[in-house]
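So the structure is just underneath, and the comments pick up after that.
We name chains A, B, ... by the order of the sequence lines, and we start the count at 1 in each one.
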Protein chains: 2
Amino acid sequence: MATISDVARSAGVSLSTVSYVLSGKRSISEPTRTRVLDAVALLGYRPNAGARALASASNRTGVIGLVVPLHEDADVNVVMQFVRAVTTTARRHEADVLLLTQEDSAGLERVTATALVDGLVVLDIAVDDPRIPLLAGLGRPVVLIGLPRETQGLSCVDFDFALAARTAVDHLARLGHTSIGLVSSSTSSVHQAGYADRLQAGFLEQAAAAGVRVATQSCDPTAAAARTCLAGLRAQRPDLTALVVHHEAALPHLVSALGEQGVRIPRDLSLVSVGAAGAAAGLPQPVDVVEVPVGEMGRVAVEMLSARISGAGTAEVRLLSSPLVTQGGSAPAS
Amino acid sequence: MATISDVARSAGVSLSTVSYVLSGKRSISEPTRTRVLDAVALLGYRPNAGARALASASNRTGVIGLVVPLHEDADVNVVMQFVRAVTTTARRHEADVLLLTQEDSAGLERVTATALVDGLVVLDIAVDDPRIPLLAGLGRPVVLIGLPRETQGLSCVDFDFALAARTAVDHLARLGHTSIGLVSSSTSSVHQAGYADRLQAGFLEQAAAAGVRVATQSCDPTAAAARTCLAGLRAQRPDLTALVVHHEAALPHLVSALGEQGVRIPRDLSLVSVGAAGAAAGLPQPVDVVEVPVGEMGRVAVEMLSARISGAGTAEVRLLSSPLVTQGGSAPAS
DNA sequence: TTGAAAGCGCTACCAA
DNA sequence: TTGGTAGCGCTTTCAA
């Protein structure tokens with residue numbers, strides 16, 4: 001590998017001149033500039049990233065850490081969407097992405113303290129995430145995806161699940177529905193993350209405001225559980241005419257259970273799904289959706305992290321929202 | 001952040017002594033060792049990764065690059081399994097993982113030339129992958145997952161698809177089956193990767209050796225395509241009594257199509273699937289499987305890369321195999 | 001507009 | 001068994 005002094009020698013200039021040509025932090029005469037750039041091209045010179053980080057005043061490595069859940073029950077599609085958005089956005093900020101798994105809790109300290117990364121994006125944050133104190137004490141910018149109880153000095157990005165539920169209920173209430181069910185996940189990880197509770201709170205709040213009767217039921221992602229879930233909702237409220245489903249994995253089972261029972265969407269039942277993109281795709285019957293903007297969340301997280309790494313901005317909580325998209329899943333209550 | 005000289009001062013020793021205590025490359029008296037380690041603990045000292053890489057003779061950064069396909073039609077489950085195995089194994093070798101996407105072709109050169117990474121693991125290699133010349137000219141150890149036509153100086157890890165097919169055919173032939181069908185994917189990316197062809201070659205070879213009649217048919221992952229595929233196979237060979245399926249996404253559709261047609265597995269038809277772990281899970285009827293050891297491939301790739309980074313080993317091609325697991329998917333031909 | 005040189009934090013050599 | 005110090009490849013002052 002050619003070094004900067006190889007370039008300097010080849011171009012017949014000093015080492016610092018090469019550095020300034022490359023960084024643009026000093027005005028350079030055109031002939032010199034050309035000679036240097038020619039030498040760079042000739043030698044195929046690329047500055048050593050480590051040396052650059054070590055010498056620079058900012059001490060930046062141009063690498064951000066991304067902590068992802070890679071365990072079995074993580075939603076691989078959602079994780080992939082995040083990863084794609086984060087890497088893409090990072091590149092736009094001249095940064096690369098170092099991957100850390102959630103299991104490697106020592107990794108947070110390691111990559112941060114050894115100056116491998118300039119900052120971290122951490123997925124899958126629980127309401128009372130045990131990593132919060134550690135992350136807060138790292139002394140590096142951190143952006144959490146999720147909304148923990150304590151956010152002292154940490155930036156957070158999340159979807160506004162409460163607003164999504166209010167939007168869904170409002171949409172259905174305007175169509176004349178007065179009795180609406182909510183289906184949520186029964187898995188504990190979803191509840192530890194807190195968004196199920198926030199969604200339910202929004203659901204209940206808007207229902208109360210609109211004078212809508214409610215039923216709530218959790219569901220497992222199987223055909224049998226879907227049938228049980230529907231039966232449970234009907235037992236609570238025989239007059240249900242609409243459903244808000246916050247459970248991507250159970251959605252297809254619910255839809256086909258309804259189909260088997262001769263319940264037609266939207267004629268007999270209106271259905272709004274809250275979930276990641278694609279969750280409602282490929283369903284035999286269309287439903288309305290409030291999409292969790294996973295990619296957007298990843299993008300915003302990196303933007304916030306970049307800003308904080310550059311010393312701009314302060315820790316803040318950003319809750320993203322997205323509109324309800326009607327695609328034939330809802331109809332006026334009859 | 002505390003530096004090594006902070007530690008030296010605090011411990012009342014020289015800078016080099018601290019370095020030697022930490023690296024263990026010199027024998028140190030017990031009292032000195034203790035004083036240094038105490039100072040390290042007291043100050044929370046962690047060596048700067050960049051400075052260490054810069055100064056060390058080996059010039060190693062302790063980071064390996066992982067190039068993954070993140071585009072829509074990549075199998076997210078398989079990619080995740082790779083990523084998990086690679087990160088886990090890398091950690092066992094004291095390395096971290098930098099993530100690069102397949103789209104970022106300039107990234108190969110960037111992370112390698114700027115010494116961000118010590119080497120690369122590249123997934124999803126096509127038979128005539130356009131990146132091969134670039135990768136070969138990088139001047140850093142590279143391990144490919146896949147088997148390109150030209151492997152000059154590059155290490156490769158892949159599953160022995162030909163052997164898997166031979167194993168499946170052999171198993172079925174021993175059970176007395178004399179007419180066996182092969183279902184493969186029709187997607188072009190699978191064929192560019194070459195393993196579909198290798199599997200088919202092994203299938204035909206073993207069939208010829210065992211005097212087995214064959215039918216081959218590609219299939220799309222839909223219920224309709226599965227029915228068409230089965231009809232096509234029967235048209236070629238009305239006497240088919242066994243199937244080898246090399247198409248994870250189509251497998252459930254094939255199985256349920258068979259179920260609808262009253263074809264019972266294994267009584268009426270024996271079925272062996274070749275695919276990643278879990279592909280045959282959750283099927284209404286059990287099938288036999290030859291599992292593509294995705295995690296193992298990732299593990300081996302990192303082991304090979306680590307060895308090459310340490311200067312050990314040479315470029316080699318390793319084809320992994322795995323046994324056929326019977327789980328009630330096959331029975332003697334009647 | 002340019003060059004010289006002092007570090008960045010560390011490793012590893014040369015001495016003692 | 002230890003210390004001093006010359007770099008690793010770069011950025012950024014200070015001087016010209």
Side-chain angles (χ1 to χ4, degrees), chain A residues 1-37 39-40 43-63 94 110-118, chain B residues 1-37 39-40 43-63 94 110-118:
Chain A
M1 283 295 104
T3 72
I4 197 171
S5 30
D6 295 330
V7 176
R9 198 175 322 119
S10 166
V13 298
S14 80
L15 201 151
S16 55
T17 297
V18 176
S19 175
Y20 283 119
V21 167
L22 261 25
S23 70
K25 292 186 178 175
R26 196 190 238 186
S27 55
I28 304 280
S29 74
E30 198 44 40
T32 305
R33 226 180 75 83
T34 309
R35 283 226 313 288
V36 169
L37 291 179
V40 165
L43 298 174
Y45 168 75
R46 309 279 334 236
N48 180 295
R52 174 170 267 188
L54 192 57
S56 72
S58 69
N59 240 339
R60 301 244 304 263
T61 63
V63 178
E94 318 263 64
R110 182 182 66 250
V111 301
T112 250
T114 62
L116 255 187
V117 305
D118 297 329
Chain B
M1 283 296 103
T3 72
I4 197 171
S5 32
D6 295 330
V7 176
R9 199 176 320 118
S10 166
V13 299
S14 81
L15 199 154
S16 55
T17 297
V18 175
S19 176
Y20 284 117
V21 167
L22 262 25
S23 71
K25 292 187 178 175
R26 196 189 239 186
S27 56
I28 303 282
S29 74
E30 199 43 42
T32 305
R33 229 182 71 83
T34 309
R35 283 227 311 288
V36 169
L37 291 179
V40 165
L43 299 173
Y45 168 74
R46 309 280 335 233
N48 180 295
R52 171 171 268 187
L54 193 57
S56 72
S58 68
N59 241 340
R60 302 241 305 262
T61 63
V63 178
E94 319 262 64
R110 181 182 67 248
V111 300
T112 249
T114 62
L116 255 187
V117 304
D118 297 329

*Test item: side-chain donor near acceptor, A/Ser14 and A/Thr17, under 3.5 Å*: yes
*For DNA chain D, determine which residues of residues 8-19 of chain B have any heavy atom closer than 4.0 angstrom to one of its atoms, and list them numerically.*
B/Val13, B/Ser14, B/Ser16, B/Thr17
*Look at the side chain of A/Pro47 and decide which nucleotide, out of C/dA15, C/dT11, D/dC10, has an atom nearest to it.*
D/dC10
*Pick the nucleotide of DNA chain C nearest each of B/Arg26 and B/Arg46; which residue has the one closer to the 5' end?*
B/Arg46
*Would you say B/Asp118's side chain and B/Arg60's backbone share a donor-acceptor pair under 3.5 angstrom?*
no
*Start at the 5' end of DNA chain D and walk down; is the nucleotide closest to B/Asn59 or to B/Arg33 reached first?*
B/Arg33
*asked:* Given the structure, check if the side chain of B/Tyr45 and the base of C/dC10 hold any donor-acceptor pair shorter than 3.5 Å.
replied: no
*When we call it a touch if two heavy atoms are under 4.0 Å apart, what does B/Ser23 touch: a base, just sugar-phosphate, or nothing?*
nothing
*Using atom types as modelled and distance alone, determine if a side-chain donor or acceptor of A/Arg33 lies under 3.5 Å from a backbone N or O of A/Ile28.*
no
*Whole Å only: how far is the CG atom of A/Leu22 from the P atom of D/dT12?*
12 Å
*Quantify the bending of the helix from C/dT1-D/dA16 to C/dA16-D/dT1 as the angle between its end axes, each fitted on five pairs, to 10°.*
40°
*Measure across B/Asn59 and B/Ala53 and return the closest heavy-atom pair with its distance rounded to 0.1 Å.*
OD1-O, 2.9 Å
